[in-house]
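Beneath this line is the structure, given in structure tokens, with notes to follow.
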Amino acid sequence: MTANATRVLVLNSGSSSVKYQLLDMADGARLAVGLVERIGEETSRLAHTPLATGGAKREREQPIADHEAALRAVAEELAADGLGLDSPELAAIGHRVVHGGKKFTEPTVITDEVTAEIERLVPVAPLHNPANITGIRVAQALRPDLPQVAVFDTAFHTTMPEAAARYAIDVETADAHRIRRYGFHGTSHAYVSRETAKLLGKDPSEVNVIVLHLGNGASASAVRGGRCVDTSMGLTPLEGLVMGTRSGDIDPAVISHLARNADMSIDEIDSLLNKKSGLIGLCGDNDMREIRRRIDAGDERAALAFDIYVHRLKKYIGAYYAVLGKVDAVAFTAGVGENAAPVREAAMAGLEELGLAVDADLNAVRGDEARLISPEYARVAVAVVPTDEELEIATQTYALVSA
């Protein structure tokens with residue numbers, strides 16, 4: 001790697017989309033951001049914003065047949081701004097990979113063996129890992145000379161003790177089929193827990209944090225001294241909190257009950273729990289802003305969905321308080337966590353005996369900076385910390401290839 005090679009392209013390849021950011025790790029500046037969506041459909045869309053030049057967002061709609069065509073289109077957009085993939089300043093490409101199993105505990109330079117292991121994990125991440133692999137292979141074809149690094153959603157959670165990671169099922173069956181709690185949103189939980197410690201003026205090793213990543217997908221984590229000791233998502237991203245379209249925790253017997261009594265197939269039940277449950281299943285909306293608008297208009301169904309959402313959230317806050325024993329901060333992040341003041345207020349209400357409270361005026365403030373929203377007298381800090389998963393992926397990628 002040459003001395004002036006300080007740029008990292010971050011790719012997040014989904015089943016029909018590619019999100020990307022180009023960052024300069026010399027100062028952490030974003031040079032370009034974009035999204036290709038509806039890949040493989042009759043009309044695809046590419047939105048690209050060249051931040052380095054201060055240019056306006058460019059959008060185009062055209063057929064984009066596959067991920068190779070999508071990444072070639074991204075390369076064209078970057079080249080138009082003088083930021084092409086052939087630039088000697090590009091140090092590496094960092095890939096978000098959702099599932100790394102037990103093996104991948106840190107960012108990893110991608111080799112054929114690494115790709116093969118990611119493929120072996122497809123049965124426990126059928127919606128995510130195949131798309132991640134496709135993005136990796138296309139990027140390798142475009143720049144075979146460039147280091148490609150996998151940064152795993154699950155890696156931050158591999159520090160969980162076995163007592164937290166194991167399900168209470170037959171050990172041989174669990175091991176044979178890799179059934180255990182892996183956790184997800186790891187790059188976000190790692191970044192936010194570290195930024196929360198910085199907000200408190202302390203080293204991450206000195207701080208215990210409960211991180212609440214609340215977006216359409218939602219997860220909680222208990223972080224002791226910079227290391228995850230428990231998290232709400234499990235074998236898949238379905239377990240845990242109530243989410244936009246996912247049920248979160250549910251009695252496993254519901255599955256057999258529906259199979260026997262509703263004549264539903266496994267695929268139908270899987271679709272129900274992942275795509276037709278959570279907030280959208282409870283009230284028909286998975287946008288917290290619309291739910292709050294309906295509550296203000298007197299909609300009882302929306303109010304019940306909100307109450308169920310908050311009730312589950314409080315249960316996890318209390319559980320992770322018990323797991324950690326001592327809590328220095330609770331940090332809200334992601335789309336709902338950063339922007340929905342009523343969710344933060346409701347989640348903290350009644351927890352004063354645990355040292356938790358929010359200041360109404362501070363909670364109402366909107367902004368892009370990490371900030372405290374708890375009153376000065378509170379024993380436990382409550383913070384809003386905007387997440388930056390792309391920066392975390394780029395940072396881990398650049399640190400690896402620099403070393």
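If you read the sequence from its start, that first residue is 1, and numbering goes on from there. Computed from a predicted model, the values in this text were never measured in an experiment.
With hydrogens and angles disregarded, a donor-acceptor distance shorter than 3.5 Å links the side chain of N339 to the backbone of G335. Using modelled atom types, no side-chain atom of S277 and backbone atom of N274 make a donor-acceptor pair closer than 3.5 Å. Side chain of N286 to backbone of L279: no donor-acceptor contact under 3.5 angstrom is found. Side-chain atoms of H99 do not come within 3.5 Å of backbone N or O of V122 as any donor-acceptor pair. A donor-acceptor pair under 3.5 Å is absent between the side-chain atoms of S87 and the main chain of L83, judged by distance alone. A donor-acceptor pair under 3.5 Å is formed between the side chain of Y321 and the backbone N or O of L354. Side chain of R143 to main chain of L85: a donor-acceptor pair is present (N/O by atom type, distance under 3.5 Å, no hydrogens or angles). Remark: side-chain polar atoms of T108 are not paired, donor with acceptor, to backbone N or O of A150 under 3.5 angstrom. Using a distance-only test at 3.5 Å, with no hydrogens or angles considered, no donor-acceptor pair links the side chain of R38 to the main chain of E61.
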Would H189 and S219 count as a side chain to side chain donor-acceptor pair (under 3.5 Å) here? Give the steps. CA-CA 9 Å; H189 286 280; S219 60; 2.8 Å; yes
Should T387 and S188 be marked as a side chain to side chain donor-acceptor pair (under 3.5 Å) after you check the CA-CA gap, both sets of side-chain angles, and the distance that decides it? CA-CA 6 Å; T387 192; S188 178; 2.8 Å; yes
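Within the structure, ring pair (Phe, Tyr, Trp, His ring centres under 6.0 Å) contacts touching residues 128-154 (residues at least two apart or in different chains) are F104-F152. Residues in residues 174-193 take part in these salt bridge (charged side-chain N to carboxylate O under 4.0 Å, His left out) pairs, two or more places apart or across chains: E117-R178, E162-R180, R166-D175, R181-D230, R181-E239. Here salt bridge (charged side-chain N to carboxylate O under 4.0 Å, His left out) pairs that include residues 318-341, with residues two or more places apart or in two chains, are K326-D328. Screening residues 203-258 for ring pair (Phe, Tyr, Trp, His ring centres under 6.0 Å) gives H185-H213 as the qualifying pairs, with residues at least two apart or on separate chains. For residues 349-360, the set of pairs meeting the salt bridge (charged side-chain N to carboxylate O under 4.0 Å, His left out) definition, not counting sequence neighbours, is empty. Annotation: salt bridge (charged side-chain N to carboxylate O under 4.0 Å, His left out) contacts involving residues 94-114, sequence neighbours excluded, comprise R96-D153.
Within the 4.5 Å cutoff, the side chain of L273 has heavy atoms near those of the I255 side chain. A 4.5 Å side-chain heavy-atom check between R312 and D249 finds at least one atom pair inside the cut-off. With a 4.5 Å cut-off on side-chain heavy atoms, V223 and T196 do not count as touching.
Only one option out of V384, T187, T333, V209 pairs with V192 in a side-chain contact (heavy atoms from CB on, under 4.5 Å); it is T333.
Partners of E119 according to the side chain to side chain donor-acceptor pair (under 3.5 Å) rule, which considers only residues two or more places apart in sequence or in another chain, are R137. Every residue meeting the side chain to side chain donor-acceptor pair (under 3.5 Å) condition with D299, not counting sequence neighbours, appears here in chain and number order: R294. For D203, the side chain to side chain donor-acceptor pair (under 3.5 Å) test picks out S205, with sequence neighbours left out. In terms of the salt bridge (Lys or Arg N to Asp or Glu O under 4.0 Å) criterion, residue partners of E290 (sequence neighbours excluded) are, by chain and number, R293. Legend: residues meeting side chain to side chain contact (heavy atoms under 4.5 Å, CB included) with K314, ordered by chain and number and at least two apart, are V310, A349. Residues forming a side chain to side chain contact (heavy atoms under 4.5 Å, CB included) with R30 (at least two apart in sequence, or on another chain): Q21, L23, V33, L51, D388, L391.
Taking CD1 from I280 and OG1 from T245, the interatomic distance works out to 7.0 Å, rounded to the nearest 0.5 Å. Put simply, CZ on F306 and SG on C283 are 11.5 Å apart, with the number rounded to the nearest 0.5 Å.
Salt-bridge check for E68 with R72: passed, with a basic side-chain N closer than 4.0 Å to an acidic carboxylate O. A salt bridge does not link K19 with E390: every distance from a Lys NZ or Arg NE/NH1/NH2 to an Asp or Glu carboxylate oxygen is 4.0 Å or more.
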